[in-house]
Amino acid sequence: MNRRAFISSLGTSGAALAAWPAGALPPARAGRPVRHERSRAKAQAAATRPPVAFAAIGLNHSHVYSQVETVIAHGGTLAAVYAKEPELVAAFTKRYPGVKVARSEQEILDDTAIKLVVSAAIPNERGPLGIRVMQAGKDFMADKPGVTTLAQLADVRRVQAQTGRIYSILYGGRLESPATQRAVELVHAGAIGEVVHTMGTGPHKIGANRPDWFWKREQFGGVIGDLGTHQVDYFLAFTKGTKGAVVSSRAGNLHHPDRPDFEDFGDAMLQGERATGYFRVDWFTPGGVATFGDSRLTVMGTDGYLEIRPNVDLAGRPGGSHLFLVDQKETRYIDAKDTPLPYGARLLDDIVNRTETAMTQAHTFLVAQLVLEAQSSARPPVLTK
């Protein structure tokens, strides 16, 4: 199921929901229902794991609903919510009527029973919030982008090292995508040999009624800083990369002159220890596409390649989670929609056991670093006068 497939659960047409503003939430439900790993062994682990109480602070992007569902699905208990915007709190409490509405952020930070805070605040507010959360002795899960500047990243890294708390960024393109999860498993098992190149495209649909912060680079972090997070995460995950460099990058505004601070196009070339990568991200998905975007990812190896179509197979098979694999013997189509997603259960285990099984802190921060380096060094995409 793709990360916008909550369309059907809302009983809303695909075209209408694709236009839903990122800064608002549907009245009853929002988010991205995902297939979480709920095997018998995992269910038993959740039953024996001490309960993890968590809270949500900052509801500006509807991704917060999938963050909440990710934790609840594995035994987390939603204890409190706080946001500055009453209308967002009203929508949230309609979906979760039993949750306590905190009077302030500090009330949640002072509650020693709460172990985790999730947030989809305005992007440039997530890093500073995460620092306050960690300094209060709690773990933090941010929607992407988890930081919007290299200075923010340096501060977050410093406080995380000082406190030993978890600063997790939910890179949903992989962690909430059954097709991508299955592809990672196959590649790591040697299905296409050694990975030598990745090529990803991440087109998105602007829709209508976007909030003011969506159009301001300082607040949303730039097109690469935002949408490029998925692409860098893919590159490092498939190549098992622990180092990386940005070879070149471009970002700019090609088609929205009325929004001079907006960026609608970006691309970058990456270099790793054993592989290279390229990606393009943009806000040019046309209305005729039934999802938020026709994302594609191709991973080339020494003995084959695979292509992931997580959201849609244009004019082909219905639904999402499509995976195509070519090796030295055959070409295969793999329906990956039932692939379990382990991130949520592992994160709760990490909170209780102080381990790093969901995603290492080094990986989380390296993705952010490369994305921000690409954003900060980006040249204009076209020649200027």
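Sequence positions, counted from 1, serve as the residue numbers for this chain.
Among residues two or more places apart in sequence or in another chain, the ring-ring contact (aromatic ring centres under 6.0 Å, His included) test is passed with H255 by none. Qualifying side chain to side chain donor-acceptor pair (under 3.5 Å) partners for R157, counting only residues two or more places apart in sequence or in other chains: Q369. Contacts of F324 classified as ring-ring contact (aromatic ring centres under 6.0 Å, His included), with partners at least two apart in sequence or in another chain: Y333. In this view, D335 and K337 satisfy the salt bridge (Lys or Arg N to Asp or Glu O under 4.0 Å) rule, not counting sequence neighbours. The ring-ring contact (aromatic ring centres under 6.0 Å, His included) check on F140 picks up Y167, with sequence neighbours excluded. For the side-chain contact (heavy atoms from CB on, under 4.5 Å) test, residues two or more places apart in sequence or in another chain that qualify with T163 are M134, V159, R165. In terms of the side-chain contact (heavy atoms from CB on, under 4.5 Å) criterion, residue partners of I122 (sequence neighbours excluded) are, by chain and number, N60, N124, E125, W213, Q219.
Within the structure, salt bridge (charged side-chain N to carboxylate O under 4.0 Å, His left out) pairs that include any residue of residues 235-262 comprise R250-D267 (at least two apart or interchain). The list of salt bridge (charged side-chain N to carboxylate O under 4.0 Å, His left out) pairs with a residue in residues 182-192, not counting sequence neighbours, reads R182-E185. Residue pairs meeting the salt bridge (charged side-chain N to carboxylate O under 4.0 Å, His left out) criterion with at least one member in residues 362-381, sequence neighbours excluded, do not occur.
If you look at W283 and F292, their ring centroids are not closer than 6.0 Å.
Side-chain heavy-atom separations under 4.5 angstrom define the hydrophobic clusters, and the remaining members of the one that includes V382 are L254, F265, F284. Hydrophobic cluster membership for Y278: M199, V247, M269 (Ile, Leu, Val, Met, Phe, Trp, Tyr linked by side-chain heavy atoms under 4.5 Å, directly or transitively).
Atom CD of E273 sits in a crowded spot, with more than 12 heavy atoms from other residues, nucleotides or ligands closer than 6.0 Å.
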